Visitor: 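Please find one structure pasted underneath; my questions will follow.
Nothing here was measured: the structure is a model prediction, and the numbers come from that model.
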Amino acid sequence: MSIRFSVGRARAGLLVTCTSLLMLTAAQPAAPVVPCVRTFALDYQATVAAAPAGARALDLWLPVPHDDASQDIRELKIDSPYPFDIRPGQYGNRVLHLRLSPASAQPFTVALHCQVTRREHTNPLLPPAPGRKAPKEAADPDLNRWLAPDRLVPLDDSIRVWARRVVAQAGARTELEQARAIYNHVVGTVKYDKSGQGWGRGDIYYACDARRGNCTDFHALFIGYCRALGIPARFSIGLPLPAERGQGEVKGYHCWAEFYTKTTGWVPIDASEAAKNPDKREYFFGHHDENRVELTRGRDLTLTPPQQGEPLNYFVYPYAELDGRPYSGLSHQFRYRDATE
């Protein structure tokens, strides 16, 4: 018998909309840009293989999408054959945890369903203009964390030298100019290429040496160089959706980044999408499109309750431990379905 958990209320009338900025005459005040919005159903399914004979306990963790300034999560439902709970995690994340003791001798599936409304994330101060002030944002209690190293993104002398060289060559002085110089450097010198081995871990030294990789590698380089110069930068990971509305399976994850300055607040960037789509290079400095959903923020994560293994490099797929050791008997599937009315 399955257990169903439900949170939130349906929000009527949410459609996939995008209003273009109207043409303005010189006499008219500047109209606010209306962000693109996308509403869709998300299904996240995790299947756990039967535990081997003699296994004493199994712990399963799943990321649960959270509300923030760019997305609303509604109608959250969990189908599970066993009791579970959902707890707050680090950096505003949410974590589903399930513990079985003894571990199940039969495979089982936990399914998460929710309605997502994702808004295009745009920084209103780009491009900068005299007299414009940073948007009022809630203070980030983890701001110091976004200046600290990650295990695969150290802030050593080599990284600092390379970061300083990039901004010096660009003549960048302000933090905004420096972040832009780093973005241009990453987009212009790293190739989106998932061939061979080593990519996908977000290892800044791999990205520096190989000059290729996926979104994790692009943003490890961007975040590391920003932090090396004292510019807070944070990592987010979730799922990408194709721009065309419809329904289907999402085969893999996507990650992106933001950096912070006192004059702009948080600025979204997506260096890997810019590298794949050169005509959108300007757009992805200051924007995240609406074709995504964030599952978690940050790297080197300790879950809730804490796992016994090492901190997670990032958390987008299910994670399990069998008798306190990482368990690989997991599979997952993501599906989406756009709202039609």
Side-chain angles (χ1 to χ4, degrees), residues 145-170 172 175 177-240 251-260 267-278 280-288 292 294-301 310-317:
R145 171 64 184 92
W146 311 132
L147 285 167
D150 299 318
R151 286 182 301 166
L152 294 178
V153 186
L155 302 181
D156 55 27
D157 289 342
S158 294
I159 301 301
R160 291 189 179 93
V161 167
W162 296 337
R164 290 169 185 158
R165 184 180 301 158
V166 167
V167 300
Q169 290 175 347
E175 290 182 332
E177 290 171 346
Q178 291 173 350
R180 181 60 194 247
I182 294 168
Y183 172 84
N184 287 343
H185 171 76
V186 173
V187 173
T189 64
V190 181
K191 181 181 179 182
Y192 192 90
D193 180 355
K194 298 192 290 186
S195 63
Q197 296 181 343
W199 62 271
R201 299 177 64 233
D203 183 333
I204 192 171
Y205 271 103
Y206 168 85
C208 286
D209 293 341
R211 311 310 298 184
R212 62 181 177 86
N214 76 342
C215 55
T216 323
D217 308 303
F218 274 78
H219 295 112
L221 193 54
F222 177 84
I223 288 170
Y225 278 16
C226 282
R227 291 177 180 175
L229 298 177
I231 302 171
R234 62 192 187 190
F235 170 94
S236 292
I237 194 165
L239 304 175
K251 294 293 187 179
Y253 68 81
H254 182 51
C255 64
W256 49 92
E258 298 168 85
F259 69 91
Y260 179 87
V267 177
I269 70 101
D270 195 328
S272 58
E273 285 300 294
K276 290 194 293 182
N277 302 280
K280 292 187 175 181
R281 182 167 174 165
E282 292 298 319
Y283 174 83
F284 281 117
F285 186 85
H287 298 79
H288 290 146
R292 62 188 72 203
E294 181 177 301
L295 294 184
T296 57
R297 177 173 291 164
R299 298 183 62 180
D300 297 346
L301 294 173
E310 294 184 345
L312 298 191
N313 187 19
Y314 46 77
F315 186 36
V316 64
Y317 297 142

Visitor: Tyr183: what forms a ring-ring contact (aromatic ring centres under 6.0 Å, His included) with it, not counting sequence neighbours?
Guide: Phe285
Visitor: I'd like to know whether Lys276 forms a salt bridge (Lys or Arg N to Asp or Glu O under 4.0 Å) with Asp270, so could you lay out the CA-CA distance, the side-chain angles of the two residues, the decisive distance to 0.1 Å, and finally the verdict.
Guide: CA-CA 10 Å; Lys276 290 194 293 182; Asp270 195 328; over 6 Å; no
Visitor: Are His219 and Ile269 side-chain neighbours, meaning at least one heavy-atom pair lies under 4.5 Å?
Guide: yes
Visitor: Return the CG to CD1 distance between Leu147 and Ile223, rounded to the nearest 0.5 Å.
Guide: 12.0 Å
Visitor: My understanding is that only residues two or more places apart in sequence, or in another chain, count here; which of them pass ring-ring contact (aromatic ring centres under 6.0 Å, His included) with Tyr314?
Guide: Tyr253
Visitor: Hey, does the side chain of Thr296 reach the backbone of Phe315 with a donor-acceptor pair shorter than 3.5 angstrom?
Guide: yes
Visitor: Would you compute the distance between atom CZ of Arg180 and atom CD of Glu177 and round it to the nearest 0.5 angstrom?
Guide: 11.5 Å
Visitor: Does any pair with a residue in residues 156-167 pass side chain to side chain donor-acceptor pair (under 3.5 Å), and if so which ones, sequence neighbours excluded?
Guide: Asp156-Tyr205
Visitor: Keeping the roles fixed (side chain from Arg212, backbone from Ser195), state whether a donor-acceptor pair exists under 3.5 Å.
Guide: yes
Visitor: I'd like to check the side chain to side chain contact (heavy atoms under 4.5 Å, CB included) partners of Arg211; sequence neighbours left out, ordered by chain and number.
Guide: His185, Thr189, Val190, Cys208, Leu221
Visitor: Measuring from atom CG of Leu301 to atom CG of Leu312, what distance do you get when rounded to the nearest 0.5 angstrom?
Guide: 6.0 Å
Visitor: Might you point out which heavy atoms bring Pro154 and Pro149 nearest each other, and give the distance in Å?
Guide: CA-CB, 4.0 Å
Visitor: With a 4.5 Å heavy-atom cut-off, do Arg297 and Arg234 have their side chains touching?
Guide: yes
Visitor: Classify the angle between the aromatic ring planes of Trp256 and His254 as parallel (below 30°), tilted (30 to 60°) or perpendicular (above 60°).
Guide: tilted
Visitor: Would you check if Glu258 and His288 make a side-chain contact, meaning some heavy-atom pair closer than 4.5 Å?
Guide: yes
Visitor: For the OG1 atom of Thr216 and the CD1 atom of Ile237, what is their distance to the nearest 0.5 Å?
Guide: 5.5 Å
Visitor: Quick one: do Ile204 and Tyr225 satisfy side chain to side chain contact (heavy atoms under 4.5 Å, CB included)? Show the steps, please.
Guide: CA-CA 9 Å; Ile204 192 171; Tyr225 278 16; 4.3 Å; yes
Visitor: Phe284: which residues meet the ring-ring contact (aromatic ring centres under 6.0 Å, His included) condition with it, sequence neighbours left out?
Guide: none
Visitor: Donor-acceptor check, side chain of Arg281 to backbone of Ala274, threshold 3.5 angstrom: yes or no?
Guide: no
Visitor: Please collect all salt bridge (charged side-chain N to carboxylate O under 4.0 Å, His left out) contacts where either partner lies in residues 184-201, sequence neighbours excluded, each pair once.
Guide: Arg201-Asp203
Visitor: Mind checking the SG-CG spacing from Cys226 to Leu155? Nearest 0.5 Å is all I need.
Guide: 11.0 Å
